[in-house]
Amino acid sequence: MNKRLLAILAAIGATTIYGVNHTIAKGIMPHYVQPFGFIILRVLGAAILFWLISPFGPKERIDPKDYLRMLICALLGMALNMLVFFKGLSLSTPINSAVLITTTPIVVLILSAVILKEKISGRKIIGITIGLLGALGLILFGTEVRQDAPNIPLGNFLIFLNSMFYGSYLVLVKILISKYHPFTFMKWLFSLGVLICLPFGYQEFMEISWNTLPFEAYFGIGFVILGTTFCTYLFNIFALTQLKASTLSAFVYVQPLVGITYAVFTGQDTMTTIKIIAGCFVLIGVYLSSKRPKRQLQEG
């Protein structure tokens, strides 16, 4: 099996885990663990796991000139995106989350144009506009009332911010991936993530009542740490060694399918007209903005 195929399988595995995570993480927050406290568990658990496996990789030192980029990547990919996503998910619903997360490829496209000076065609501009209209539709008109979703519009906005932060991370991290082994890279990134997130989540982390947590809460926490954080970031880092950032971001299309199916199947969410219409806008926009001309299909 060649590395490119393995990278594709890793990307599919990561986005499938993310799709299920919308419902599993929502089931934990905020009843058992508050969102920012959950982030401390994520980054601390992942940092420990990456340090444990780092001896199996090469011994590398980070070039001092990469310190600033490492810090920015940790801020975007291991702190801000997680903080706003989990806070948004605690305020919104799994289906809204699964739909809004698909705006990541649009963010990557815009940032690639700004940072990497890539040209944006008319079709992609139309796609970006349609996709953003769908996202705005969920943010502005997601007014259903649910006890476990106290502020859906604000939650949707925060989830959209997560796409912006994570999309920025995918663009900026590509340079570092070509220089360092994934184990080296991730152990330092998550270590920085712990330091950045600690001021935000320390109090909520200390409020976790471990003695009263039921089994499903422990299972959910374990899934988020081992699956949603450790495995997915490792899978995505490996995928980035073989695929372009824009190609990897396109795998986010799978998330709504997995996320919505799992949420409805487990009874954690229901479909509404606004979710269907807005979701269609987002997916059409993402498709138009990410679709490349036939002559470029063999490059990514």
Side-chain angles (χ1 to χ4, degrees), residues 1-15 17-18 39-40 42-83 85 104-105 107-108 111-112 114-118 162 164-198 224-252 299-300:
M1 189 177 295
N2 61 51
K3 287 186 176 181
R4 180 176 173 78
L5 179 57
L6 284 174
I8 291 173
L9 292 175
I12 293 173
T15 200
I17 293 172
Y18 278 137
I39 296 305
I40 297 298
R42 286 191 70 179
V43 293
L44 181 60
I48 292 172
L49 290 172
F50 277 111
W51 274 97
L52 288 175
I53 67 171
S54 63
F56 295 98
K59 292 183 179 181
E60 297 175 308
R61 298 187 65 179
I62 304 298
D63 189 331
K65 68 180 181 181
D66 291 328
Y67 286 170
L68 180 58
R69 183 177 290 269
M70 288 278 287
L71 179 60
I72 294 174
C73 286
L75 184 65
L76 293 172
M78 281 70 188
L80 292 178
N81 76 309
M82 290 189 186
L83 289 168
F85 175 72
T104 299
V107 174
V108 170
L111 291 174
S112 295
V114 174
I115 298 174
L116 305 179
K117 307 302 179 183
E118 294 182 1
N162 162 75
M164 296 182 65
F165 291 137
Y166 189 68
S168 304
Y169 162 79
L170 287 179
V171 172
L172 294 175
V173 81
K174 184 68 174 178
I175 296 175
L176 295 176
I177 292 304
S178 62
K179 295 181 63 174
Y180 304 106
H181 189 276
F183 293 174
T184 303
F185 181 75
M186 298 309 292
K187 73 177 183 182
W188 288 115
L189 232 59
F190 273 104
S191 295
L192 288 171
V194 172
L195 296 178
I196 297 170
C197 293
L198 199 58
V224 170
I225 294 174
L226 184 60
T228 311
T229 313
F230 177 74
C231 289
T232 55
Y233 274 79
L234 190 59
F235 289 170
N236 282 333
I237 286 297
F238 172 72
L240 275 174
T241 64
Q242 306 297 320
L243 305 173
K244 293 181 180 180
S246 58
T247 303
L248 177 62
S249 66
F251 282 88
V252 79
E299 298 177 7

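All values below were derived from every heavy atom in this structure, side-chain atoms included, with hydrogens, water molecules and symmetry-related copies excluded.
The CG atom of Leu80 lies 11.5 Å from the CD1 atom of Ile72; values are rounded to the nearest 0.5 Å.
Annotation: side chain of Leu75 is not in contact with side chain of Phe165 (no heavy-atom distance under 4.5 Å). Looking at heavy atoms from C-beta onward, Met78 lies out of side-chain contact with Leu192 at the 4.5 angstrom threshold. With contacts defined as side-chain heavy-atom distances shorter than 4.5 Å, the pair Tyr166/Leu76 does not qualify. Contact of the Thr229 side chain with the Val43 side chain is not registered, since no non-hydrogen atoms from C-beta on lie closer than 4.5 Å. Counting only heavy atoms from C-beta outward, the side chains of Trp51 and Ser54 approach each other to under 4.5 Å. Residues Phe185 and Phe190 form no side-chain contact, since every pair of their non-hydrogen atoms from C-beta on lies 4.5 Å or further apart.
When every heavy atom of Leu234 is checked against every heavy atom of Pro182, the shortest pair comes out as CD1-CB, 4.2 Å. Across every non-hydrogen atom of Phe235 and Ile17, the tightest pair is CE1-CD1, 4.3 Å. Pairing each heavy atom of Ala47 with each of Ser191, the nearest pair is CB-N, 4.1 Å.
The side chain to side chain contact (heavy atoms under 4.5 Å, CB included) search around Ala11 returns Ala239, Leu248, Phe251, not counting sequence neighbours.
Inspection of the Tyr180 and Asp66 side chains reveals an N or O donor paired with an N or O acceptor under 3.5 Å. The closest side-chain donor-acceptor pair between Tyr169 and Asn236, if any, does not fall under 3.5 angstrom.
Around atom CE of Met70, more than 12 heavy atoms belonging to other residues, nucleotides or ligands sit under 6.0 Å away.
Two rings, from Phe230 and Phe50, have their centers less than 6.0 Å apart.
Paired with Cys73 under the rule side chain to side chain contact (heavy atoms under 4.5 Å, CB included), one option of Leu189, Val171, Ile177 passes, and it is Leu189.
Sorted by first and then second residue, the salt bridge (charged side-chain N to carboxylate O under 4.0 Å, His left out) pairs with a member in residues 52-61 form an empty list; sequence neighbours excluded.
Side chain of Arg69 to main chain of Leu172: a donor-acceptor pair is present (N/O by atom type, distance under 3.5 Å, no hydrogens or angles). Distance alone, capped at 3.5 Å, is enough to place a donor-acceptor pair between the Tyr233 side chain and the Gly77 backbone.
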